[in-house]
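Everything quoted here is computed from the prediction, not taken from an experiment. Values below: every heavy atom of this structure, side chains too, minus hydrogens, waters and symmetry copies. We count ligands from 1, going down the list as the structure has it; atoms in each ligand are counted the same way.
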Amino acid sequence: MLHVIDHPVIKHKLTLMRSVETGTKDFRENLDEIGGLMTYEITKDFPIREVEINTPMGKTMGAKLDKDIVLVPILRAGLGMVHGIQQLVPTAKVGHVGLYRDEETLEPHFYYAKFPSNIANSMVMIVDPMLATGGSAVAAIDRVKQAGAKDIRLVCLVGVQEGIDAVEKAHPDVHIYLASKDERLNEIGYIVPGLGDAGDRIFGTK
Ligand code: PRP
Ligand code: URA
């Protein structure tokens, strides 16, 4: 279940991020902003419950979000999307999954997981800018499912067909949201045109 969010503002910001001339500060800021803009689209069908409130003019019926949201960034690069989403949904709880990709085999290696106690009844948004082979996303979804999560959405900035296929095969119930479906993976498993190494660009580690 792939959804590519087609929005001019997202396209503009993603183009800034792709540019090799964009430094760490602007890369981070645009990632943050795109995370928020994507969340606005992703939560379009979010359940609401009617509530009665008192306004200065009297009683009226209003609406409240009727489900908790849990954000699960895949460490490290997913951390770069958390703040932007929290600006929109400040009550969201945050879990973490630590995974790194072996540079040779491209296999994901797990090193950490911690989730909030309400994960089973929440809408879980797993966030990571990059969906390349899909190994990390599949492993992260495995972990949140083991913790009881049922309503899971995977939110990435850029992805390729290999990653989409891997997630759809392992977890056909998970909705995948991308800001762009990119052309291909290169011979060392990087997305083309992609963003380069997202973790390094966010944290300035190269
Ligand atoms: C990157 C990225 C994803 C993963 C995608 O993380 O942030 O988690 O690779 O690749 P895949 O779809 O082939 O699994 P990386 O392993 O480089 O770790 P980092 O975020 O700590 O730099
Ligand atoms: N991880 C990244 O950071 N970039 C890619 O292009 C692929 C995986």
Does the pair K13/D26 count as a salt bridge with the N-to-O cut at 4.0 Å? no
Parallel, tilted or perpendicular: which describes the rings of H3 and Y177, with under 30° parallel and over 60° perpendicular? parallel
Please report whether atom 6 (O) of ligand 1 has a protein non-hydrogen atom at a separation of less than 4.0 Å. no
D32 and side-chain hydrogen bond (donor to acceptor under 3.5 Å, both in side chains): which partner among Q86, Q87, H83? H83
What residue and atom, counting heavy atoms only, is the protein's closest point to atom 15 (P) of ligand 1, and at what distance? R101 N, 4.2 Å
Do D142 and Q146 have side-chain atoms, one donor and one acceptor, less than 3.5 Å apart? no
Tell me whether R101 forms a cation-pi arrangement with Y111, defined as NZ or CZ under 6.0 Å from the six-membered ring centre and within 45 degrees of its axis. no
G134 N/O under 3.5 Å from ligand 1 N/O: yes
How close does the nearest protein non-hydrogen atom get to atom 21 (O) of ligand 1, and which residue and atom is it? R76 NE, 2.9 Å
Nearest to atom 8 (O) of ligand 1, what protein heavy atom do you find, and at what distance? D128 OD2, 2.4 Å
With atoms numbered from 1 as shown, which atoms in ligand 1 lie under 4.0 angstrom from a non-hydrogen atom of M130? 2 (C), 3 (C), 5 (C)
Would you sort out whether D45 and R153 count as a salt bridge (Lys or Arg N to Asp or Glu O under 4.0 Å), showing the intermediate values? CA-CA 13 Å; D45 63 345; R153 306 181 192 204; 3.3 Å; yes
Considering only the protein, which heavy-atom contact is closest to atom 17 (O) of ligand 1, and what is its distance? D197 OD2, 4.5 Å
Against ligand 1, does G189 come closer than 4.0 Å with any heavy atom? no
Spacing of I74 atom CD1 and L79 atom CG [to the nearest 0.5 Å]: 10.5 Å
Is the number of heavy atoms from other residues, nucleotides or ligands within 6.0 Å of CZ (F110) greater than 12? yes
Contact with ligand 1 for L106, non-hydrogen, under 4.0 angstrom: no
Distance-only polar pair, side chains of S180 and R18, donor-acceptor under 3.5 Å: yes
So which of V72, V124, I152 actually passes side chain to side chain contact (heavy atoms under 4.5 Å, CB included) with I141? I152
Spacing of CG belonging to L16 relative to NZ belonging to K11, to within rounding of 0.5 Å: 14.5 Å
Protein contact of atom 18 (O) of ligand 1 - nearest heavy atom, named by residue and atom, plus distance: L99 O, 4.1 Å
Mark yes or no for whether R201, through its side chain, and L195, through its backbone, hold a donor-acceptor pair below 3.5 Å. yes
Y100 heavy atoms within 4.0 Å reach ligand 1 at atoms 16 (O)
Using a 4.0 Å heavy-atom threshold (strictly under), name the region of A77 that reaches ligand 1: side chain, backbone, both or neither. both
Does T55 reach the main-chain N or O of G58 with its side chain, forming a donor-acceptor pair under 3.5 Å? yes
To the nearest 0.5 Å, tell me how far K150 NZ sits from S122 OG. 9.5 Å
Is the closest N or O pair between A132 and ligand 1 shorter than 3.5 Å? yes
re atom 13 (O) of ligand 1, the protein heavy-atom contact at minimum distance is T133 OG1, 2.6 Å
For atom 14 (O) of ligand 1, what's the nearest protein heavy atom and its distance? S136 OG, 2.6 Å
Exercise check, heavy-atom protein proximity under 4.0 Å to atom 2 (C) of ligand 1: yes
For a quick check: using heavy atoms under 4.0 Å, what are the residues in contact with ligand 2, sorted by chain and number? R101, M130, A132, G189, Y190, I191, G196, D197, A198
